[in-house]
Every structure is written in structure tokens, then in C-alpha cells.
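See structure below.
A note on names: the letters A, B, ... follow the listed sequences, proteins ahead of strands, and every chain is numbered from 1.
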Number of protein chains: 2
Amino acid sequence: MPTTTHLRSLQALELAVRQGSLKGAADVLGITPAAVGQRIRSLEDYLSTDLLLRSRSGLRPTRELEHALTDLHTAFKALERVTETLDFQRTREIHIVADTDWAELWLVPKLADFQEENPNILFCINGIGDVPIRLGTPDLRIFSDDDGGEVLFRDLLVPITGPDNLRRLADWDPVNQMEGLPLLHLKEQIENENCPGWVDWFEKFGHRESGTDRGVHYNNARLALKAVKLNVGFMVCGLSLVLRDLQEGTIVHPFPLSQHLTAAQPYRLRLRSGAEKQPQLQKFVEWLMATAHETKEKLALNL
Amino acid sequence: MPTTTHLRSLQALELAVRQGSLKGAADVLGITPAAVGQRIRSLEDYLSTDLLLRSRSGLRPTRELEHALTDLHTAFKALERVTETLDFQRTREIHIVADTDWAELWLVPKLADFQEENPNILFCINGIGDVPIRLGTPDLRIFSDDDGGEVLFRDLLVPITGPDNLRRLADWDPVNQMEGLPLLHLKEQIENENCPGWVDWFEKFGHRESGTDRGVHYNNARLALKAVKLNVGFMVCGLSLVLRDLQEGTIVHPFPLSQHLTAAQPYRLRLRSGAEKQPQLQKFVEWLMATAHETKEKLALNL
DNA sequence: CATTTGATAAAGGTTTTCTTTGTATCAGTA
DNA sequence: TACTGATACAAAGAAAACCTTTATCAAATG
């Protein structure tokens, strides 16, 4: 009962014949041509028979090999079907459920970098992305709550507005500078005890006394931010979510950043159990932690 | 185009299902059950799906796996055929052509030790053995000539006889002790210039003057040795070939071993080119050199 | 209840396998 | 013919996969 050895050699061999070149096989396998050559040579040595007639312009199986070729193809075609059935490609996907604002304004803009490095990893974030949503536990959950998980960073909440609105401030009441100006609120800031907004900010830093809870309510930060950029008014927003906008000048912070509130909870990352063993998630989490760390440092600089 | 990874895991998986136990698969693969478990677990981790329902009494594939099982079997059955076609089993064989006497009296008796350690390696020595002879170059050639190759040891040639014959010596001519006693010759000793026999021995050490080339001729040492043990007469024989017989007392050397001739050439080992890369030959050559070294030292002790 | 058998876990070591780097060879082209 | 680009080959060191060992645990067996 001969148990097959040199499986990887056989795989390389089969591919090399199919592709007609070591290079071709190497590309498919995602390794170097030299490695493919070594795989095949090692089998040839083991059998002490030549299997491939090599030439620059294409390969040919030797007679020895030719007799085995049909079975060889059969085998690896079958294995490919196994591969598909067992859903190997799932291991190329990452499914994330996260705080909407954070996902839209922090994660997604930065994700392009990661995907450039890892074009084969597909994402599904809050149900949308490269691949359709799946049933079952997502790979990662990222929220600003106290349910545990690894801390990414704790956000700062600061007032922002469109650049044109700065002028209006200057002309205004010298004591209560914000009095009467249009406020934008996030639904969450109103409803959620732990999500500080204008009310808390005015309470702490002054600048306005009346109607601190009045103004337009937005369902999510992305829309509110859009409005801010159109100079609709003033909002209190996670600094981490708008660092780039501030840098680019599409929005401004009318008060010193020292006048900020601190988020009740940091953003935390929770990994589906078992997920830490999957290579694509290892990569992604590593990148995520590093990128979050960058943000954390930028926030610290602005204190 | 998903290229299949974890080939060995899939192999282990397939075998485990077929055998119904990790242990069974391990035995077939020639590795430990723990290793089989690891192979399969690594795939399960990679896919983050269970594939096998383990229990002491048998394994069952999970539903996930069940769908892939047909293809999995197809694949590895096909690979087995490939294996056979490419003649993997040749790599379990060692084909030796060697000096007949050396093979029969030195190699074969010692070979049992090696085969005990390596029960899967099959031998064909001078056309006979576990497997039939093959066309083409044998893996090893071992002869006492000057055609090059690695030296095993140089034999000493000494007179031997059956234990009962010693008494006859004692009663005999005090000067020419061997005069008139029955001599056994090997055909080679007569025909081959470089194969010293009685003629050369008497010439060098005396003990007999007439008819040193007379007596019975044998085609090979094994038969002659058999006759010696039956006290048929006296022969000159390679010491290495009869060390054990001397030790056991089934034969004796009537003269001090210092009265020996030296073989014209040592035994030399020549490996078929390319053979050094085959694992079974590496093992065997290593064993052979070590064992030959032992013999060499025993010969040196007897000088 | 003791024993045996088989699965599991962790640690450590070994072997494979891969990448890197540099060279040689061939086919097509100027 | 010399040049150029693509490919195969070789060797060495690095990385990853793989295996063994040892010990533990649980079910099956006597």
C-alpha cells in the first residue's frame, strides 16, 4: 500500500505541465519559479527518473510521466473541487460589523492602503463591500462600548464647522460666541447617555447658554459631516473621524482642541473566537492595530 | 483560481475517514497519530470549520466535509495510481551486484540486522532476494578490484579447516605439517592471478612442498566452506567471511593468523550515479560503511 | 475496577520548502 | 553577429511546515 509522498511536487508537476512553463506554475502557486523547479527536481531525484523535458519555450512531459498524466490531472481537478466545496475562499474574506460612523469615516478611507497590499482579501463591512454578507458570527466587531476586547483608541469630541462659518463666529457675541448659531446633532448624541454632544460640551466650556439641544438631527456622522462641509452649521464630532478633513481644510475646528470632551469608551476590537488562526485575519488585525496606534498618537498630539 | 493548499492535511483527512481512525491513518502514513491529528486540525483551523467528529470508536465526517468526500477520495485514488505508474515503489528497493562469496558469506548474514530496522526496504542481491531483478544499472556494485569506488576493507586470507581436522595435523610430519593433507581450492584462486590461494600461502609460509595446487576445486566459497565444516579438508579463505564461524568454533584456523596473505584489492563500493539522492540508499550505504568498518577493526585485531 | 486503546496538548527539534541572488542558456531581433 | 528578454538552474540561508516525544484524559474492554 504505497502512500503518496511528494504531494507538493506532484502538484507543481501537474501545474507545470498544464501551464507549459515553470514560471506559469509558479504564478498560479504564488511562489517563485525556482521553488517550482526544486519541487519537481526533488521528485525526479527521488524517483531517479526525468519527468519533464525543459526548454525555454515550453515544457514537455517525458514518456515516463505521460502515462501518469491523466491520473495526475484527475487528482488535482478533484482536489480543486474539494477546495471549492470546503469553501477555501472564505479564508480570503473578512467580515466586519462595526460602529457605522467609525466604519464609514475612519476604517473605509484607510482600507485602501491595506487592500493595495492584500488585493486578494475581500471585505464585507456592515453588510456591504466586496462580498455579500454571511450568516453567522462576523470575524470582527468594533464598537465603542465596555463589552471588552482589545482597545484601539479613545476618541476626543470636538466642535467642527465649515471654513466659511468661522467668519460668522468672529462677528458674534464676544462672550457667548456660539449663541444662536445653527447646531447639528447626531441622533446618538441625543439618545445615548454615553455619547457626549453639544449639551455636554457647552456645559463644560461655555460659549452658549440657551437652546444647546436645539438644531437639526442627523442619523449618522457621514451625512452630518457632509452638511458641515456645506457650511450648514456646527457639530460635535469624534476628532479621529475628521483628522484628514481638518488637515485638508475642508472643515475647521473653531475652538482650541484643548476644549474637547473624551469619549465614554474607547473603540474596542473583538475577534470571533478561532479567527485568530486565520492568516488573513492575522494580517488584518496587525494592520488595524498599527493604524489605530497612529491615530492614537495623532490624537495625543492635539491635546 | 484557488490553488489547493494543505495537501498533506487533505491526505491525512481522506485516510482518516477511510480508516475510521487517526491511528489507522497514522499507521498507513507511517507517522504518529498525533501528527495526523495536527495535520487535520491545521486544516480545520485554516477553514475554521470542523471536519471530523472524533470519538474513541471511529470517526465521522461532518456535514461540511461530507459534500467534499467523493472528490477527496477520487483525488487520492488517482494519486495512488500516479504513484504506482511512476513506480514509487522502486524507491523501496535496493539492487546490488557483488562478489558472490562476499555477498553470500559477509553481506547476507549481516543483512538481517538492517532489514529489522528497515522492514520496508527490499533487496535484490545478485539477482535473488525480496524482489525480482531489474533491467538497467544496479544501485550498488561491490567487488574486490581496482576499478575505483569507496573502500570497505581489505581482506586477509588464512587457512581454515574443520575442528576435527586439527587432530590430524598434530599427528603429522613435524616439518611439513600439511604435507599430504586434502586441500580445497576455489576456482578463482586457481584462475585468477590476483586471488591468492594455497599455492601462494605455502610458498610464503612453508608447511608443505609438493602438490600445493592439488585437491578439489569449488566454484564458490559457500560450498567450499560447507565442505570444510564437514571436515573434508583445508582451504584458504577470506578471514572476513568466516569470522563468525571461527568464533562459534564450527571451523578453526590451524595456523596463527599472523600467517596470512593480504587480498590484492580491498572490497570497494560503487554507487550508481544519482543513487546517492535516494533515501533508502543513503540509509543502506551508511549502514554498510559502518558495518564494514566493524569488520575492518576485527581484522586488524587478528593481525 | 483496572487496563487498554485512542485522542489531545504542548514543546522542541528536524526536515521541507521557499526566497534570494547570481549565472547560464535559448529565441527572437536589430 | 551581438543584443535583449525570458526562462531555467544552482547554492545558501531563512522561514515555515511537519513530526516526535511526553504526558494527560476519556471511553471501551475485560
Side-chain angles (χ1 to χ4, degrees), chain A residues 3-47 50-62 88 91 273-274 276-280 282-283 286, chain B residues 3-47 50-62 91 117 120 274 276-280 282-283 286:
Chain A
T3 152
T4 308
T5 61
H6 293 74
L7 290 173
R8 299 171 105 110
S9 296
L10 289 168
Q11 182 188 36
L13 185 60
E14 195 263 351
L15 256 172
V17 173
R18 246 204 279 185
Q19 299 284 322
S21 80
L22 300 195
K23 177 95 168 37
D27 289 343
V28 176
L29 290 170
I31 59 180
T32 61
V36 175
Q38 284 174 20
R39 280 193 187 184
I40 295 174
R41 177 163 313 288
S42 117
L43 180 57
E44 289 178 327
D45 285 348
Y46 180 73
L47 299 171
D50 282 348
L51 296 171
L52 283 185
L53 301 171
R54 292 134 158 113
S55 77
R56 321 294 142 182
S57 48
L59 301 174
R60 280 227 343 276
T62 60
F88 272 60
T91 67
S273 99
E276 68 282 356
K277 294 184 178 166
Q278 295 186 243
Q280 86 279 23
Q282 288 172 359
K283 267 192 196 168
E286 187 187 354
Chain B
T3 151
T4 309
T5 60
H6 292 75
L7 290 173
R8 299 171 103 117
S9 295
L10 289 167
Q11 182 188 34
L13 185 61
E14 195 264 350
L15 254 173
V17 172
R18 247 204 279 185
Q19 299 285 321
S21 79
L22 300 195
K23 177 100 172 30
D27 289 344
V28 176
L29 289 171
I31 59 180
T32 61
V36 176
Q38 284 174 21
R39 280 193 187 183
I40 294 175
R41 177 164 314 288
S42 115
L43 180 57
E44 289 178 326
D45 285 348
Y46 179 73
L47 299 171
D50 282 348
L51 297 171
L52 283 185
L53 301 170
R54 292 134 160 115
S55 79
R56 323 290 142 182
S57 50
L59 301 174
R60 279 225 345 273
T62 61
T91 67
E117 291 294 308
N120 292 323
E276 69 281 356
K277 294 186 176 164
Q278 294 187 246
Q280 86 280 22
Q282 289 171 359
K283 267 191 195 168
E286 187 186 354

- Message: Taking A25(B)'s backbone N and O only, do any of them form a donor-acceptor pair with Q19(B)'s side chain (distance below 3.5 Å, no angle check)?
- Response: no
Can you tabulate the close N/O pairs, meaning under 3.5 Å, that link protein atoms to atoms of nucleotides 12-18 of chain D?
residue: dC18(D); atom: OP1; partner: R8(A); partner atom: NH1; Å: 3.4

- Query: What is the nucleic acid contact for T32(B), judged by heavy atoms within less than 4.0 Å: base, sugar-phosphate only, or nothing?
  - Reply: base
- Message: Run I40(A) and L22(A) through side chain to side chain contact (heavy atoms under 4.5 Å, CB included) and show every step you take.
- Response: CA-CA 10 Å; I40(A) 295 174; L22(A) 300 195; 3.9 Å; yes
- Message: So if I apply the side-chain contact (heavy atoms from CB on, under 4.5 Å) rule between L43(A) and each of R8(A), H6(A), Q38(A), which one comes out positive?
- Response: H6(A)
- Item | d(CG, L53(A); C1', dC9(D)) in whole Å | 16 Å
- Report the C-alpha separation of R39(A) and I31(A) in whole Å, then their side-chain angles, then the decisive distance to 0.1 Å, and conclude whether the side chain to side chain contact (heavy atoms under 4.5 Å, CB included) test is met. CA-CA 11 Å; R39(A) 280 193 187 184; I31(A) 59 180; 4.0 Å; yes
- Stepwise, does the salt bridge (charged side-chain N to carboxylate O under 4.0 Å, His left out) test hold for R41(B) with D45(B)? CA-CA 6 Å; R41(B) 177 164 314 288; D45(B) 285 348; 5.1 Å; no
- Taking 5' to 3' order, which nucleotide of DNA chain C is first and which is last to have an atom within less than 4.0 Å of a heavy atom in chain A? dT17(C) to dC26(C)
- Message: From CD of Q19(A) over to C1' of dA6(D), roughly how many Å is that when rounded to an integer?
- Response: 16 Å
- Atom CG of D45(A) and atom C1' of dC9(D): how far apart are they, to the nearest Å? 13 Å
- Message: Between Q282(A) and E276(A) (side chain of the first, backbone of the second, donor and acceptor by atom type, cut-off under 3.5 Å), is there such a pair?
- Response: yes
- Side chains of Q11(A) and L29(A): does their closest heavy-atom pair fall under 4.5 Å? yes
- Message: Distance check needed: dT7(D) C1' versus R54(A) CZ, whole Å only.
- Response: 12 Å
- Query: Any side-chain heavy-atom pair from E14(A) and L10(A) closer than 4.5 angstrom?
  - Reply: no
